[in-house]
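First comes the structure, then the notes that go with it.
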Amino acid sequence: MPNTHTASDLLVKALENEGVERIFGIPGEENLDLLEAIRRSGIELILTRHEQAAAFMAATHGRLTGRPGVCLTTLGPGALNLSTGAAYALLGAMPMVMITGQKSILTAAQARFQIVDTIAAMTPVTKMTKQITSPPTIPTVIREAFRVAQANDPARSTSNFPRISPPPPHLRWISSRPPLRLFPSPAST
């Protein structure tokens, strides 16, 4: 029997080549083949109860280890649930790689069900967003994703609004104003 490899096997091999030891995520219909390839590999899958938790766990893993944390979700709303964790990782300069599922055949009865333009939705909160369209490109795309995730970006790790002490004369009036109250406090009613 010939030894056949799926695109999922190729993806898992690319992740292993990047030193991935664990993935945080949620199983779904669109990533079952990938989950099976992960099960056969040495990569540990840590199941989460929500996609947002997977993103926060991957971002924190990246922050603590210095190597990109990896999270996995299904398509559509599941992929969009990563956006808060993606913004957290981007703003905190935490290396993270997100993998989302997608339907492969758009001629099925429910072809457009849960299809979201994930590329457009995630572009503002990621450094790079790519869609894998051909299995031979998987190793290159994964290598690039890890390279970008680990790239030093000093603009995100430095403060844009340093504290000025003491404030210059033209800013002192700001600190001498009474605080703005949007809701009356119990003491003022």
Side-chain angles (χ1 to χ4, degrees), residues 7-8 10-39 41-104 113-133 137-158 160:
S8 294
L10 194 55
L11 178 60
V12 168
K13 183 64 177 162
L15 292 171
E16 287 177 327
N17 288 342
E18 296 299 329
V20 174
E21 296 173 355
R22 64 192 51 82
I23 296 174
F24 306 93
I26 295 183
E29 179 183 352
E30 293 75 29
N31 62 21
L32 289 177
D33 189 47
L34 180 57
L35 292 171
E36 178 58 23
I38 291 169
R39 186 188 66 77
S41 75
I43 297 174
E44 176 186 17
L45 175 65
I46 299 173
L47 295 176
T48 61
R49 293 180 182 253
H50 194 276
E51 295 88 352
Q52 192 176 57
F56 279 107
M57 292 168 79
T60 302
H61 180 273
R63 179 180 181 193
L64 296 174
T65 65
R67 295 186 335 259
V70 179
C71 56
L72 170 70
T73 67
T74 62
L75 76 159
L80 294 180
N81 283 336
L82 293 175
S83 62
T84 304
Y88 170 71
L90 181 70
L91 295 172
M94 300 172 212
M96 178 170 72
V97 172
M98 299 175 286
I99 301 168
T100 63
Q102 189 59 278
K103 289 186 179 183
S104 60
F113 182 66
Q114 292 193 346
I115 298 292
V116 174
D117 187 353
T118 309
I119 301 295
M122 297 302 263
T123 297
V125 292
T126 59
K127 290 192 213 176
M128 181 185 98
T129 306
K130 296 267 186 170
Q131 182 169 2
I132 296 172
T133 57
T137 65
I138 290 172
T140 304
V141 171
I142 294 299
R143 176 67 243 156
E144 179 71 2
F146 276 79
R147 187 193 64 72
V148 169
Q150 291 175 309
N152 187 13
D153 193 348
R156 283 190 199 81
S157 60
T158 59
N160 292 327

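Note: hydrogens, waters and symmetry copies are ignored here, and every other heavy atom, side chains too, is used.
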Does any part of the side chain of [Y], heavy atoms only, come nearer than 4.5 Å to the side chain of [X], both counted from C-beta?
| X | Y | answer |
| --- | --- | --- |
| Ile46 | Met57 | yes |
| Leu15 | Val97 | no |
| Thr73 | Thr100 | yes |
| Cys71 | Met98 | yes |
| Tyr88 | Thr60 | yes |
| Glu21 | Arg67 | yes |
| Leu45 | Arg22 | no |
| Met96 | Val70 | no |

*asked:* Could you check whether Thr140 and Thr137, counting side-chain N and O atoms only, form a donor-acceptor pair closer than 3.5 Å?
replied: no
Heavy-atom closest contact ([X] atom, [Y] atom, distance):
| X | Y | value |
| --- | --- | --- |
| Gly85 | Ala55 | CA-CB, 3.7 Å |
| Ser8 | Leu34 | OG-N, 3.3 Å |
| Ala37 | Val12 | CB-CG2, 3.6 Å |
| Leu90 | Thr126 | CD2-N, 4.1 Å |
| Glu16 | Ser41 | OE2-CB, 3.2 Å |

*For the pair Lys127 (side chain) and Ala151 (backbone), establish whether a donor and an acceptor sit closer than 3.5 Å, ignoring hydrogens and angles.*
yes
*In sequence, state the C-alpha distance, the side-chain angles, and the governing distance for Glu18 and Arg143, and then conclude on salt bridge (Lys or Arg N to Asp or Glu O under 4.0 Å).*
CA-CA 7 Å; Glu18 296 299 329; Arg143 176 67 243 156; 2.7 Å; yes
*Determine, stepwise, if the pair Leu82 / Gln52 fulfils side chain to side chain contact (heavy atoms under 4.5 Å, CB included).*
CA-CA 5 Å; Leu82 293 175; Gln52 192 176 57; over 6 Å; no
Any chance you could measure [X], atom [atom1], to [Y], atom [atom2], to the nearest 0.5 Å?
| X | Y | atom1 | atom2 | value |
| --- | --- | --- | --- | --- |
| Ile142 | Lys130 | CD1 | NZ | 11.5 Å |
| Ile26 | Thr48 | CD1 | OG1 | 4.0 Å |
| Thr129 | Met122 | OG1 | CE | 7.0 Å |
| Leu72 | Leu47 | CG | CG | 9.5 Å |
| Glu51 | Phe24 | CD | CZ | 15.0 Å |
| Thr123 | Met128 | OG1 | CE | 11.0 Å |

